[in-house]
Every structure is written in structure tokens, then in C-alpha cells.
A.B. asks: 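Let me give you the structure first, and then I'll get to my questions.
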2 protein chains.
Amino acid sequence: MVDIRQLRYFITVAETLHFGRAAQILHVSQPPLSRQVQALERDLGVTLIERNSRHARLTASGERFLDEARGVVAALDQACRNAQLVAAGSLGELRIGFMMHAAHSSLPPIVKRFMEERPEVDLQLKETLPSEILDQVLRGDLDAAITFGQGAVKGLAIEPILREPLILAAPDDHPLAGRGPITPAMIAEEGLIVTPRIVAPPLRAAIDSYFAAGQAVPRVRLETQLQHTIISLVAQGIGIALVPHSMARLGTRGVRFASLDEAPEIEHALVWRTDNRNPALPFFTRLGGLGRA
Amino acid sequence: MVDIRQLRYFITVAETLHFGRAAQILHVSQPPLSRQVQALERDLGVTLIERNSRHARLTASGERFLDEARGVVAALDQACRNAQLVAAGSLGELRIGFMMHAAHSSLPPIVKRFMEERPEVDLQLKETLPSEILDQVLRGDLDAAITFGQGAVKGLAIEPILREPLILAAPDDHPLAGRGPITPAMIAEEGLIVTPRIVAPPLRAAIDSYFAAGQAVPRVRLETQLQHTIISLVAQGIGIALVPHSMARLGTRGVRFASLDEAPEIEHALVWRTDNRNPALPFFTRLGGLGRA
DNA sequence: ACCATGAATACCTTTTCTGCATCAATCGAT
DNA sequence: ATCGATTGATGCAGAAAAGGTATTCATGGT
């Protein structure tokens, strides 16, 4: 059976056209070299090197085979190097899930740094509903994810990376827009636009706790999944909303923000399976601290 | 050192994720298989298969390496097959030179058939001056060539493939145009357009012999290398010419042809080095007979 | 806790590879 | 034309590697 040693031997002989010199280069003696090339030719059933006891030169088959053999050897070396790079976490792919609330806050600095440090790792970002994210991590569809902080889950590592307060988002012609700490009573009568409970339970819990602390009951006017849609509806004057502080950075026209009195906080956390053996994963999770920036 | 056997073993184990079954498929017993995979991992310094005594599954490096190892094995198999195809003359390249006079006569049928029979051979056609063609064959720049027939040359095989008479080419308003056998005396006073002697000695020799047989002396008005140019100049009424019969097939406007009395003939021949070992060459030279068509 | 399964290890046999010595063929010089 | 130098091939013995059988070790399910 043709093997790599035979290819390496043949390539060297083909390059020097001299069995003795090739043997020196390969650090073997000449007889085994001759025999290996013979064995290769016998296996192929093809004469690759035409040789009399004085000269050696390639046949047409030999020229062709030299070319392709070089490719095979190079591909093998590359494969070995790549396997090592993958094991070192410098090459490969990493599937990261994130809830939309992380897109403007904790996610970007982590992703940016990771891509700088591990440019050869194919980072696959998948925006997912918070309610589905844990399942996907547990199933192994995601290597890691950024979602809301929560209690321990068996088999998962959960590392908090960001706490941010909720703030009030109101149309810019609204009397409370831009004003100081807002108490629950001040907005209890307003129509509220919120994310459905099923989509982001911790966010709804934070909103509920805020109103509960002021003995108020929020009036939900509309539910919609995407944060951007909520902001957009606020800008249209359809209602007000309580949103994570990072939404204020977007500078959407027609919306102004105001801090809340005793503002509830939501927590972002990095989550991954403790038995996930993707070598690139530790280099991602160790960046969790950047989420605070 | 990593070798092909290790790759094949690893691939089979990776595909079955079961050392025992893989060993059956490979027709070896399980212990050597385990040892080869271990050796591979030791050489790479990387764990490819995570295994306890119950289950086996690939690591990230293993997945990657499986992919690339398959490529390496496939490339090797392909290289072996191609070497055999080249040796059989079914793959490779063949450099064929030809004089322009062959382009409309002996060359096309040979080339057409060869391309049908050996579609994977890269046929490189190089139009060359007859005066240079033998040197290129002797130097090895060409595997074979079609040129004028001539005496034996040491180291070359020369096989005649076509004899064709010269004919008169004249402007279509010329009194001799289209007429019967032309004797030398009938055109001795006309201005003649010819190829330079150095470019195609046998052609000039044929023309000379024609006039010499009639005790006439041609009046050369113009010399130019390419046959097409000669025909074109004739069409313009600049002169007449004696050209190979195959030129009549072109049907150039403004030119008519007439046969010559005791017409001299020129011979086309296939030429190649007898020591040329290009396996595709015999399949080309054996088609020489088609040149007569 | 025990049993069945599957991979690793121990040990021996067989095969293959290497190196040394030598042979054979070719080319150049005399 | 002959001889010597060069270079690839061959014969043989020792070394290394691969394979096979028997057995052990670890794990997951009952």
C-alpha cells in the first residue's frame, strides 16, 4: 500500500534526480531509498523515474505524480497543523447565542476582543429568544450564550457579566421625558409597551417588581417581542416602556429617557455547558468581564 | 511520523465511533487499531477521539482532522490513479507543432480524432515556421509536429501523411483563372507571390522545379510568410501564386484556382523523436493515416 | 453490586525496513 | 577499445514495527 514515506522519498529523489544525494537529505542510506521508490512504482504499476546506473529522470507519469504527491504531503502537514491549532483553540468554530438585549451592551465588546485574539475561529452569532437560549446550550446547539442571569442549572456554568438598571422610555413630547427619578405612581396610568412574559421572564419580573414596590399596577397596552419595535412604537407616541439602560445609547429620534426611582436591575450572564470541550470556548468565556464595559 | 495507514484507520474509527467494528471493516484486530490511533494522537500531540471504555466520540480537533484526512486520502488515491492514466496515455499533455500549410489539410482530422479518443490529454497546438519545426522537436519543445516531408534525420521518426499538388491561385478576373492545366510558360511573365525560401524550403523547391521543368524563370514580385496573406494579396490583383491544393478549399472571394501541368507535389509528414517517452504520443502518431483524408 | 461491553495492555510472532557489503551497468578519459 | 569512477540495484543479517491472541481494566446498565 502506498504510504507517505514513499511519497516523501520519491519527492526528494525527483527533486535531486540522484538517489545518493536524496538519501543524504533524507538521512537514510541509498539502498532502502531505492527499494522504497521501487515499491512505490510496483504498487502503482507505473514507472515514475527512468534510471540507468548513471542518470535518473522523470517520466511523464513521474512529473504528474511529483506534482500531486507534493500536494498530498502539503495537505497532510496542513491537516496536522490545523488539528493542533484547533486543540489550542486558535482555529475552529464557536457558536454563540445571545438575546437581543445583549446586542447593544454586553455582547459587542466581548465579540470584538475575541475576534482580535482568535481571528481564525469562526464565530457564529445567533440571536435567539431568551426563553429558548438555555435549551439550545444544553442541547449543544450553542457553545455559549448571553442571556439573563438566573439561578444555577445542573451542567451549566453561569457567569454574571453585566447589571444594568431599567429606565423609562417616553415620546419626546411627553411631560416626563428627560426628567429625574420616576416613581411607579407617576406612570402607573400610562399605557405600557412590554415584551411578552414568555419571551423574557426576568425582564417582566423586573418591571413587575418595580410597580409592586410602589403599590401600583402597570397598564399593559401592547406586547411585542423585539426591543427595537418597542422603542419605535414609543417614538410614535403609542405608549411608554421600561427598557434596559443600554437602549438609551441608540439615540432613536422621537424618544427620550428618564431614570427610575429605585430602579430594578436586570443581569446579563454568560452561560455554557461545563462539559463542553470546544477548545476555543475558554478563550471566549474568560472575556466575560468585558461585558461590564 | 504520521502515515497513510494511520489516517485510514482513524477515518474508519471516526466514522463508526467503535474500535471493534472499525477493526472488522479494516480486516485487522482491535488492539493494533487502537495502537495506531494512539500513535497518531501521540505524533500530533492532540487527542482526536475522546473515549472511555464505553463510548467514543470525536473532539473538535478530531472533527477537523477527519475532514482533512479524508481529503488527503482522496488526493492520494487520485494521484495514484492519475499516474496510471498518464502512463496509459489517457491523461497528460501533448505539444504538437505544425506548419501553417497543415492547418487546412492534414492537421484537422488528426486533431479531431485524437481529441475524441483522448479527451483528457491536453493537446497544445503551436503553429510554427517549417524552418524551425525540426529543431523544436529535437530540443524536446514539441512532442510531435507536422511539417514538410524530408529525408531521414537521426533520432527522428518521419512518417509521410499527405501528398498534395500545387495549384495556381489567380485573381478571378485573370484570363487563366479557372482554366485547365497551366504550363510554366503560360505564367512565367506574371508577378509571383511566394513564401521566403528560408521559411519553407521544400515549397520553394517545388515551385522552382515546376518552372525549371518548363525552362522558365519565375518572376518573384513579393515575398511574405503566411499563406493567408498570399491568397489575400492575390485576391487584390497584386499577383499570382502557386499554393498547396488544400488552399482552394477556403473559398476566398476574388481568387480562383487552376491546376498545373505536371504539378509538383509537396509532402506533409508527422515527425517525432524516437526516444520520446510521452505515453500519449503513440496514440497521436498512429493517427497519421487520417492526414490523407 | 454485578454483569456485559468495549477499549487498553502484555506478550509473542510475523512482517517490513534499514544498513553494510557487494554487484552491475554506464560514462568519460586515456 | 579499455579502464576506472560513479551510481543505482541486490543479498543478507539485524532491528524496528505491525499484527494477533489472551487478558485486564473501566464504564454503564440492570
Side-chain angles (χ1 to χ4, degrees), chain A residues 1-59 61-62 65-66 73 76 154-155 274-275 277, chain B residues 1-59 61-62 65-66 69 73 76 154-155 275 277:
Chain A
M1 192 58 66
V2 176
D3 78 330
I4 289 290
R5 184 185 339 105
Q6 294 175 337
L7 295 195
R8 295 191 198 274
Y9 282 12
F10 165 72
I11 290 170
T12 307
V13 173
E15 285 173 349
T16 60
L17 291 178
H18 191 298
F19 282 76
R21 249 189 300 286
Q24 282 190 325
I25 294 171
L26 292 165
H27 302 296
V28 293
S29 59
Q30 171 259 318
L33 176 58
S34 287
R35 272 191 290 253
Q36 288 295 337
V37 174
Q38 285 169 20
L40 174 60
E41 291 180 319
R42 180 171 39 72
D43 288 342
L44 292 179
V46 170
T47 301
L48 299 173
I49 302 178
E50 213 146 37
R51 44 204 189 273
N52 47 37
S53 34
R54 200 73 189 173
H55 287 122
R57 59 177 243 277
L58 293 178
T59 63
S61 296
F65 194 71
L66 173 59
V73 170
L76 175 61
K154 186 172 165 61
T274 48
D275 64 352
R277 291 281 166 268
Chain B
M1 190 59 66
V2 177
D3 78 331
I4 289 289
R5 185 185 330 105
Q6 294 175 336
L7 296 195
R8 293 190 198 274
Y9 283 12
F10 165 73
I11 290 169
T12 307
V13 172
E15 286 173 349
T16 60
L17 291 178
H18 191 297
F19 282 75
R21 250 188 301 286
Q24 282 191 323
I25 294 170
L26 291 165
H27 303 295
V28 293
S29 59
Q30 170 261 319
L33 176 58
S34 290
R35 275 193 298 254
Q36 289 296 339
V37 174
Q38 286 169 19
L40 174 59
E41 292 180 319
R42 180 171 40 70
D43 287 342
L44 293 178
V46 169
T47 301
L48 298 175
I49 302 177
E50 214 144 39
R51 45 203 188 272
N52 47 36
S53 36
R54 201 72 188 170
H55 287 122
R57 60 179 242 276
L58 292 179
T59 63
S61 297
F65 194 71
L66 173 58
V73 171
L76 176 60
K154 188 174 163 59
D275 64 351
R277 292 280 167 267

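Residue numbers begin at 1 in each chain, while the letters A, B, ... track the order of the sequences. FYI, side chains are in, hydrogens and waters are out, and symmetry mates aren't considered; it's all heavy atoms of this structure.
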A.B. asks: I'd like to know if the side chain of A:Ser34 pairs up with that of A:Gln30 as donor and acceptor (distance under 3.5 Å, no hydrogens or angles considered).
C.D. replies: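 Side chains of A:Ser34 and A:Gln30: pair found under 3.5 Å.
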
A.B. asks: Is a donor on one side and an acceptor on the other found under 3.5 Å between the side chain of B:Gln6 and the backbone of B:Asp3?
C.D. replies: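 Side chain of B:Gln6 to backbone of B:Asp3: a pair is present.
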
A.B. asks: Take atom CD of B:Gln36 and atom C1' of C:dT15, then tell me their distance rounded to the nearest Å.
C.D. replies: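 The distance from CD of B:Gln36 to C1' of C:dT15 comes to 13 Å, rounded to the nearest Å.
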
A.B. asks: Roughly how many Å is it from CD in B:Gln38 to P in D:dA18, rounded to a whole number?
C.D. replies: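 That distance rounds to 13 Å.
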
A.B. asks: For B:Leu48 versus B:Glu41, what's the shortest heavy-atom pair and its separation?
C.D. replies: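 In this case the closest contact between B:Leu48 and B:Glu41 is N-OE2, 2.8 Å.
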
A.B. asks: Atom OG1 of A:Thr274 and atom NZ of A:Lys154: how far apart are they, to the nearest 0.5 Å?
C.D. replies: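 One finds 8.5 Å between OG1 of A:Thr274 and NZ of A:Lys154.
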
A.B. asks: If you check every side-chain atom of B:His18, which of C:dA7, D:dG8, C:dA8 has the closest atom?
C.D. replies: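 My answer, after comparing the listed nucleotides, is C:dA7.
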
A.B. asks: Measure CG/A:Leu33 against P/D:dT10 and give the value in whole Å, please.
C.D. replies: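 To the nearest whole Å, that distance equals 14 Å.
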
A.B. asks: C:dA8, OP1 or OP2 - any side-chain N/O from B:Ser34 closer than 4.0 Å?
C.D. replies: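 So the side-chain polar atoms of B:Ser34 do come within 4.0 Å of the phosphate oxygens OP1 or OP2 of C:dA8, strictly under.
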
A.B. asks: With the side chain of B:Phe19 defined as its heavy atoms from C-beta on, choose the nearest nucleotide among C:dA8, C:dT18, D:dT7.
C.D. replies: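 Selected nucleotide: C:dA8.
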
A.B. asks: From CZ of A:Arg21 over to C1' of D:dT6, roughly how many Å is that when rounded to an integer?
C.D. replies: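 Going from CZ in A:Arg21 over to C1' in D:dT6 covers 11 Å.
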
A.B. asks: Between B:Arg51 and C:dA8, is there a side-chain N or O to OP1/OP2 distance below 4.0 Å?
C.D. replies: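 Checking C:dA8 against B:Arg51, a side-chain N or O does come within under 4.0 Å of OP1 or OP2.
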
A.B. asks: Please give, in whole Å, the distance from C:dG6 P to B:Ile49 CD1?
C.D. replies: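 Those two atoms, CD1 and P, are 16 Å apart.
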
A.B. asks: Between atom CG of A:Leu66 and atom CG of A:Leu7, what is the distance when rounded to the nearest 0.5 Å?
C.D. replies: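 So the gap between those two atoms works out to 10.5 Å.
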
A.B. asks: Rounded to the nearest 0.5 Å, what's the gap from CZ on A:Arg51 to CG on A:Leu58? Could you check?
C.D. replies: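 One finds 10.5 Å between CZ of A:Arg51 and CG of A:Leu58.
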
A.B. asks: Are side-chain heavy atoms of B:Phe65 and B:Ile49 found at a separation under 4.5 Å?
C.D. replies: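 A side-chain contact under 4.5 Å is absent here.
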
A.B. asks: How does each nucleotide of nucleotides 20-30 of chain D score, in 5' to 3' order, for protein heavy atoms under 4.0 Å: base (B), sugar-phosphate only (S), or none (-)?
C.D. replies: BBB---BBS--

A.B. asks: Using a 4.5 Å cut-off on heavy atoms from C-beta on, say whether the side chain of B:Arg277 contacts that of A:Thr59.
C.D. replies: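 They are not in side-chain contact.
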
A.B. asks: Rounded off to whole Å, could you give me the CE-to-P distance for the B:Met1 and C:dT18 pair?
C.D. replies: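 In whole Å, C:dT18 P and B:Met1 CE are 12 Å from each other.
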
A.B. asks: Output the distance between atom CG (A:Leu33) and atom CD (A:Gln38), rounded to the nearest 0.5 Å.
C.D. replies: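 Taking CG in A:Leu33 and CD in A:Gln38, the distance rounds to 10.0 Å.
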
A.B. asks: Using heavy atoms and a sub-4.0 Å distance, could you list which residues of residues 2-17 of chain B are near DNA chain D? By number, please.
C.D. replies: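 The answer is B:Arg5, B:Tyr9.
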
A.B. asks: May I have the distance from A:Leu26 (atom CG) to C:dG19 (atom P), rounded to whole angstrom?
C.D. replies: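 Going from CG in A:Leu26 over to P in C:dG19 covers 11 Å.
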
A.B. asks: Measure CD/A:Gln24 against C1'/D:dT6 and give the value in whole Å, please.
C.D. replies: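 So the CD-C1' distance, A:Gln24 to D:dT6, works out to 14 Å.
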
